[in-house]
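Numbered from 1 within each chain, the chains take letters A, B, ... in sequence-line order.
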2 protein chains.
Amino acid sequence: MAAPSVAVDNLNPKVLKCEYAVRGEIVIHAQRLQQQLQTQPGSLPFDEILYCNIGNPQSLGQQPVTFFREVLALCDYPCLLEREETKSLFSADAISRATTILASIPGRATGAYSHSQGIKGLRDAIAAGIALRDGYPANADDIFLTDGASPGVHMMMQLLIRNEKDGILCPIPQYPLYSASIALHGGALVPYYLNESTGWGLEISDLKKQLEDARSKGIDVRALVAINPGNPTGQVLGEENQRDIVKFCKNEGLVLLADEVYQENIYVDNKEFNSFKKIARSMGYNEDDLPLVSFQSVSKGYYGECGKRGGYMEITGFSAPVREQIYKVASVNLCSNITGQILASLVMNPPKAGDASYASYKAEKDGILQSLARRAKALEDAFNNLEGITCNKAEGAMYLFPQICLPQKVIEAAKAANKAPDAFYALRLLESTGVVVVPGSGFGQVPGTWHIRCTILPQEEKIPAIISRFKAFHEAFMAAYRD
Amino acid sequence: MAAPSVAVDNLNPKVLKCEYAVRGEIVIHAQRLQQQLQTQPGSLPFDEILYCNIGNPQSLGQQPVTFFREVLALCDYPCLLEREETKSLFSADAISRATTILASIPGRATGAYSHSQGIKGLRDAIAAGIALRDGYPANADDIFLTDGASPGVHMMMQLLIRNEKDGILCPIPQYPLYSASIALHGGALVPYYLNESTGWGLEISDLKKQLEDARSKGIDVRALVAINPGNPTGQVLGEENQRDIVKFCKNEGLVLLADEVYQENIYVDNKEFNSFKKIARSMGYNEDDLPLVSFQSVSKGYYGECGKRGGYMEITGFSAPVREQIYKVASVNLCSNITGQILASLVMNPPKAGDASYASYKAEKDGILQSLARRAKALEDAFNNLEGITCNKAEGAMYLFPQICLPQKVIEAAKAANKAPDAFYALRLLESTGVVVVPGSGFGQVPGTWHIRCTILPQEEKIPAIISRFKAFHEAFMAAYRD
């Protein structure tokens, strides 16, 4: 008998290198504990697992937006449109929207592969939504519909990374999709640090320094990733800062990869979302000045439709031959799922004042966003009231990323357990409270600092209990390990 | 000003190398002609484009199976289950199935990311469907739900291919997802030829020869791709042949990648589908003997739900540490779309005798499959009646792959036009008739032979017109180029 033909030591080393902490060790441990709760109720010091590790609102009880689901159901089963009962079951604008969408799909076939960029009529609708948002034109030919934002990110990394000497500038901390995707495609992650003390500000001087440093090592830096609103950091970039980033990318010949999936999630009055494309156009930069990709997803926003895997990338500033290559890669997977495509067109064109659903839609949307803002504030205040924890405001997105000043004894205990200190902390938190967070080491952080990422997504009525469980755990933990 | 930072000559060369003829040059040309038909009706010698290039049944008028769509609509908008009118709009078993499915989803949240392998309850249902099909047990932990079969294939290639010295045995002709995926991941395609003269038989002697030849060149052959029923070739493998393939993979230490997406598409009475897992288990081989991956999709079968992007891979015979790596790669993209997940569970567990929908479901299913069989036969006969064309039977799948003996003058004219001779033929066919087929050179073929792949999917009432247009074109083409 031969040795096993497939073993870890003969797998693609890029796969082995890739890490994705959001669904990593701690989450797998949480799933085991959840099973234990089912098979042996009462065997743990808590009665449910609270997944604060991932931006997955509907898994924690958030209800889908009614209008969106009405339209999806009608598109899935169009016979309903011919039945009288449908008028009493569905809102009038959902019926008319589904009718319009079906008319825009060749043969009304929601079960057919579409054009590899997505159904043209839906891309037209998305382009119109972008134009309305930005005040600058958008073109359906620039839209590539994708199964969530992740496949779009992979596609761009696959296109740009030739070998380990091709680098991508990424914020640290960053959403580990970026580090994972760069590892899978065999490139170099070139870090730039967000400044925690200025609310996770992005400093051009640091960008320049990191770029020059990478270049001096022979790295061909090809693109810069900017995540706005920030993940895991929650900051909303100011316009001036965005202009500097755009200018920097133009001057340095970098592709700007703009992760804008949290564009609807803003919780403070003094900030608003501006797309990088709007900023670039407002500076007078056109397609020739800057290759720019904006990623959007139906998973985030107030709708949080993660399971539908819809999203798009808007690609501007690439030459026709490069676009042909992007199209070719998209075509190998045929197309993204049509339900997700329809939903992407809906979130970019929700009901408007005057539509039958508008009042109920707006109440649902405002209710979710206002509640998220309250939850963010309550958790932020709670973190800041604990010994050794400092937490910036979540201006946007779905996360808090508090820094935890861990005593030396924790560092040593973690070392003995062969864990990063923040992973050690997060594991203890899980085992004491059932609350699942992701250690900061999964996102990157300034060496010697320790963080956790905690979503703001548990339902509002559960927040006080989470806070008190967290507080009790933290106090006991610090008491046990205080230097 | 710097040179453009992104140009074709500085893209990932693996992307440049990848080709995907099913949506390649001829299809892009067809899309242009379709636009011309809209803007200048009457300007072409035909009034519609007939896409016979791709297995996309619903794009050509096939209607979705009612039961599946009823369940999807109810899962998208579960409020319907609480309304009285729903009972008159939906079948009773669709209502009870949707209820069961929703109960199996944590929090009934069809808008939440699921476990990265897919919702456990749906995987249980799929495993039960596989066990019923094969007569051997299947395990939900072995199922990875995917957005169609393609992402599963990419995942396995990404795992297995380390560099250009890692080879994958692929049938020639093959579905170009395999060649494209191997190119994108930088491996070597090791061809084995299907024998056209024996109805696209797979000969173990050729497999052995190609394997040894590759090994002598220093290629580490890691896996064998078998497509059954065949794409583009339409043959259904016999059990004896499958046993030989299984034995060969076991003896040579190869992963068997079994593309079984056409398992429901069988059109001849003397053949039936047997999964490679069933064959392996019937030989007494268990998990330890053979790493085996079976790919399935909701895009094919009688349902043809391409746009839903659902599918799964069943993975057996891999060690726990290797499976952890597969899980990790799956987790980077979080999960496949839930609509596709639900649909995958439905196609593996359709209505059964006694269910309210059973009679209408069976009528829809049988109607589609019987019509496909008639269309396959009509097209096969038509091809075989044309000068210089020989066409094997489509025993299964959705394609015919006739060989066209092209006169020397065509070879020369094609050379002058810088095209492969079969691409030259397919382009002329498109421009004369509006029928889109894919040249055999996109799939691979014995050097010096020329083929086209033509789907059997246009609606039955259109087949006679297609045949007469094809016949008129072919006769004129041969008359113009006869040596």
Handout entry: Side chain, backbone, both or neither of Ser59(B) within contact of chain A (heavy atoms, under 4.5 Å)
Key = both

Problem - Residue part contacting chain A, namely of His154(B), when any heavy atom lies under 4.5 Å - result: side chain

Exercise for the section: Taking all non-hydrogen atoms of both residues into account, name the closest pair between Cys18(A) and Val332(B) and its distance. Expected result: SG-CG2, 3.9 Å

Exercise for the section: Select one option (side chain, backbone, both, neither) describing which atoms of Pro291(B) are under 4.5 Å from chain A's heavy atoms. Expected result: side chain

Handout entry: Which atoms of Tyr303(B) approach chain A - backbone, side chain, both or neither, heavy atom under 4.5 Å
Key = neither

Handout entry: Side chain proximity check, Gln31(A) to His115(B), heavy atoms < 4.5 angstrom
Key = yes

Problem - chain B contacts, top residue of Tyr113(A), Phe68(A), Tyr77(A) (heavy-atom pairs, under 4.5 Å) - result: Tyr113(A)

Problem - chain A contact via Phe318(B) - side chain, backbone, both or neither, heavy atoms under 4.5 Å - result: side chain

Completion exercise
Under 4.5 Å to a heavy atom of chain A? For Leu343(B) that would be neither

Handout entry: Part of Arg222(A) within contact of chain B (heavy atom distance under 4.5 Å)
Key = side chain

Handout entry: Residue pairs fulfilling salt bridge (Lys or Arg N to Asp or Glu O under 4.0 Å) with at least one residue in residues 56-65 of chain B, sequence neighbours excluded
Key = none

Exercise for the section: Please flag which part of Leu74(B) lies under 4.5 Å from any non-hydrogen atom of chain A: side chain, backbone, both or neither. Expected result: neither

Handout entry: Qualifying residue for side chain to side chain donor-acceptor pair (under 3.5 Å) with Thr110(A), from Gln58(B), Glu305(B), Arg69(B)
Key = Arg69(B)

Completion exercise
Of all heavy-atom pairs linking Ser150(B) and Asn333(A), the shortest is CB-OD1, 3.3 Å

Problem - chain A contact via Ile105(B) - which portion, at a heavy-atom distance below 4.5 Å - result: neither

Practice task
Using only heavy-atom distances, determine whether the side chains of Asn12(A) and His185(B) contain a donor-acceptor pair under 3.5 Å.
Solution key: no

Completion exercise
The interface call for Ile28(A) against chain B, heavy-atom contacts under 4.5 Å, is side chain

